Asks: 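To start, I am sharing the structure in question, which I have written as structure tokens.
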Amino acid sequence: MVFAKKDVDYSLYLVTDSTMLPPGTTLCSQVEAGLKNGVTLVQIREKDTETKKFIEEALEVQKVCKKYNVPLIINDRIDVAMAIDADGVHVGQDDMPIPMVRKLLGPSKILGWSVGKPSEVETLAKWGPDMVDYVGVGTLFSTLTKKNPKKSPMGPQGAIAVLDALEDFKASWCRTVGIGGLHPDNIQRVICQCVASNGKRSLDGISLVSDIMAAPDACAATKRLRKLLDGIKYQFVDCKLNETFPTAASIQSVICQVSSNRPLVQHMTNKVHQNFGANVTLALGSSPIMSEIESEVSELARIPNSSLLLNTGSVAPIGTLKAAISAYNEVKRPITFDPVGYSATETRLCLNNTLLTCGQFACIKGNCSEILSLAKLNKDKMKGVDASSGKMDVNMLVRATQIVAFQYRTIAVCTGEVDCIVDGTFGGKYKLSSGTAGVTAEDLPCVIIEDGSIPIMGDITASGCSLGSTIASFIGGLDPTGNLFDAVVGAVLLYKSAGKLASTRCQGSGSFHVQLIDALYQLFHENKPEKWSASLRKF
Ligand SMILES: Cc1nc(C(=O)O)sc1CCOP(=O)(O)O
Ligand SMILES: C=C1C=NC(C(F)(F)F)=NC1=N
Ligand SMILES: [Mg+2]
């Protein structure tokens, strides 16, 4: 049986591994359980099996695949693939070169290649459409399944770079599956975030080993995966994600929700910010808890209206920060991420990039340089920097904020003289293969808040960090019917207006600290956004 290549369904691609079978299961029983519940492609990958046994197993698996009319791919062993007339072969970068494999297999067989970086895509594109039919994009997340791993986890951002390369090098024929550490807790995020920057393609499927092969109930495991793949909405927070333009009325409603829900805002943040952040949170009718104890994150996340502010000035061990991200994601409670000093040092770059792959953030907020670095638009690439004033051109700021919002499927906030806020959640909608149907970062709705500069803001500690406290309070205080974008925009608008008010009342930076808390308290409790000095405008 020859499968027409265009008909291959890459959506749920099972790769076998008989070294992890639970008691009472066999290679074939696990594969059949998968096939019965939605596996659409099978690859037999048995690195340590002798050829004779490998062929016996492959023939058995092939029989089961034929029963479900699903193609069988053989990993690495081209000889075995030809001997049993399998439907295709998958090879890695260090296996037989693709052109040779294609010569042996002939044109109609399916040929897959492991790809980890754009340069490998350039090679594949040069070979043209008759060579590689699909690529395994990985290693997405750390995994114990692949022995002596040669690649460190690339995260969704690494996969985006590969998807971009496929578009840049015009390899439109080539399909893609993500692989490496994929499980129900990260699959929707991966499909949602792994979209080419031109919006024209997302992954065609996901490929996994242990989630099914090591599952005591492979039927249930496969059903769960199938449901996530066929879903269309990634509801990562317990509130509304619809893209509406915030108004004074909608912001007033957010404040009513916050004051009645009194959110618990867990701060994992730097020492300097802790005290002031706690007072800002209290001024906003919310209750702060400054906790970096790993063993209590799950309990805190489960408290109604919990909200996590993760400020990477925190000195908590990375394991604690990762545990907090997982705990809040698991219960769909919001995380506000503040990648302080994002790329100022190698250490911070590595820490921030690692945390950015660990979970879904409701909001990512940073200053101009942090957002520009996150968007990989560092200054020298920036035509927009005005030589004399050194001021950043608003267009560049908006562009960078849109890129961050798009790539992390989050609400991105860039703070400075002008604040930009972009909604990159797409309402939580996601889809295999077709990306965002061509919608790109620059199409994303952006709100600008300009109220002139407040120079004294820079003369106090934790002014930027405390905007994080404000955002986390507002998001955390939402009802399930509350709107995430309204909450973030409302928080920034309130903070900017309070800053302006405080700067007119203070005598210096010392009293500015106090005046800022008073102004936040006053504007919050008055709850008259239409009277605030800072104003919104659509970009
Ligand atoms: C077979 C394989 N290839 C990878 C790559 O990165 O190319 S990672 C991997 C193992 C994936 O196993 P699990 O789903 O259990 O994490
Ligand atoms: C190393 C591998 C990487 N990717 C894939 C697949 F996902 F199937 F493309 N299979 C492998 N064996
Ligand atoms: Mg290999």
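For the single chain, residues carry numbers from 1 onward in sequence order. First listed ligand is number 1; within each ligand, the first listed atom is number 1. Since this is a predicted model, take the numbers as computed values, not measurements. All values below were derived from every heavy atom in this structure, side-chain atoms included, with hydrogens, water molecules and symmetry-related copies excluded.
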Asks: Side-chain contact test, heavy atoms from C-beta onward, threshold under 4.5 Å: evaluate it for Met131 versus Val101 and give yes or no.
Replies: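 Met131 vs Val101: side chains apart.
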Asks: Can you name the atoms of ligand 2, numbered from 1 with element, that are less than 4.0 Å from a heavy atom of Asn75?
Replies: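 Within the 4.0 Å cut-off of Asn75, ligand 2 contributes 12 (N).
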Asks: Any idea which atoms of ligand 2 are less than 4.0 Å away from a heavy-atom of Ser207?
Replies: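 In order of numbering, the contacting atoms are 6 (C), 7 (F), 8 (F).
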Asks: If you measure from atom 2 (C) of ligand 2 to every heavy atom of Gly92, Ser114, Gly180, which option wins on shortest distance?
Replies: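 Selected option, by shortest heavy-atom distance: Ser114.
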Asks: Return yes if a side-chain donor-acceptor contact under 3.5 Å exists between Glu32 and Tyr68, otherwise no.
Replies: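 Yes, side-chain donor-acceptor contact under 3.5 Å.
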Asks: Answer yes if the ring centres of Phe361 and Phe236 are under 6.0 angstrom apart, and no otherwise.
Replies: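 For Phe361 and Phe236, the ring centres are not under 6.0 Å apart.
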Asks: Answer yes if the side chains of Gln188 and Gln235 hold a donor-acceptor pair under 3.5 Å, and no otherwise.
Replies: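 No, no side-chain donor-acceptor contact under 3.5 Å.
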Asks: Distance alone, cut at 3.5 Å: any donor-acceptor contact between the side chains of Ser11 and Arg226?
Replies: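 A donor-acceptor contact under 3.5 Å links the two side chains.
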Asks: Could you pull out every protein residue that has a heavy atom closer than 4.0 Å to ligand 1, ordered by chain and then number?
Replies: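 If the criterion is a heavy atom under 4.0 Å, then ligand 1 touches Arg45, Gly138, Thr139, Thr143, Thr145, Lys146, Lys151, Ile179, Gly180, Gly181, Leu208, Val209, Ser210.
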Asks: Can you tell me if Ser314 and Asn270 form a side-chain donor-acceptor pair at under 3.5 Å?
Replies: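 Side chains of Ser314 and Asn270: no pair found under 3.5 Å.
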Asks: List the steps and the verdict of side-chain hydrogen bond (donor to acceptor under 3.5 Å, both in side chains) for Ser433 and Asp204.
Replies: CA-CA 4 Å; Ser433 307; Asp204 296 292; 2.8 Å; yes
Asks: For the backbone of Gly435 and the side chain of Ser202, can you confirm whether one donor and one acceptor N or O come within less than 3.5 Å of each other?
Replies: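 Yes: the side chain of Ser202 pairs with the backbone of Gly435.
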Asks: Mind checking whether Gln43 has an N or O less than 3.5 Å away from an N or O of ligand 2?
Replies: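 Indeed, backbone or side chain, Gln43 has an N or O that close.
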Asks: When you compare the side chains of Gln266 and Ser307, does any donor N or O come within less than 3.5 Å of an acceptor on the partner?
Replies: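 No, because no side-chain N or O of Gln266 sits under 3.5 Å from a partner of the opposite role on Ser307.
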Asks: Should Tyr134 be listed as contacting ligand 2, given a heavy-atom distance under 4.0 Å as the test?
Replies: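 A heavy atom of Tyr134 does come that close to ligand 2.
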Asks: Counting from 1, what ligand 2 atoms have a heavy atom of Arg45 closer than 4.0 Å?
Replies: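 Listed by number with element: 12 (N).
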Asks: I'd like to check which ligand 2 atoms, numbered from 1 as shown, lie under 4.0 Å from a non-hydrogen atom of Lys146.
Replies: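 What qualifies from ligand 2 is 1 (C).
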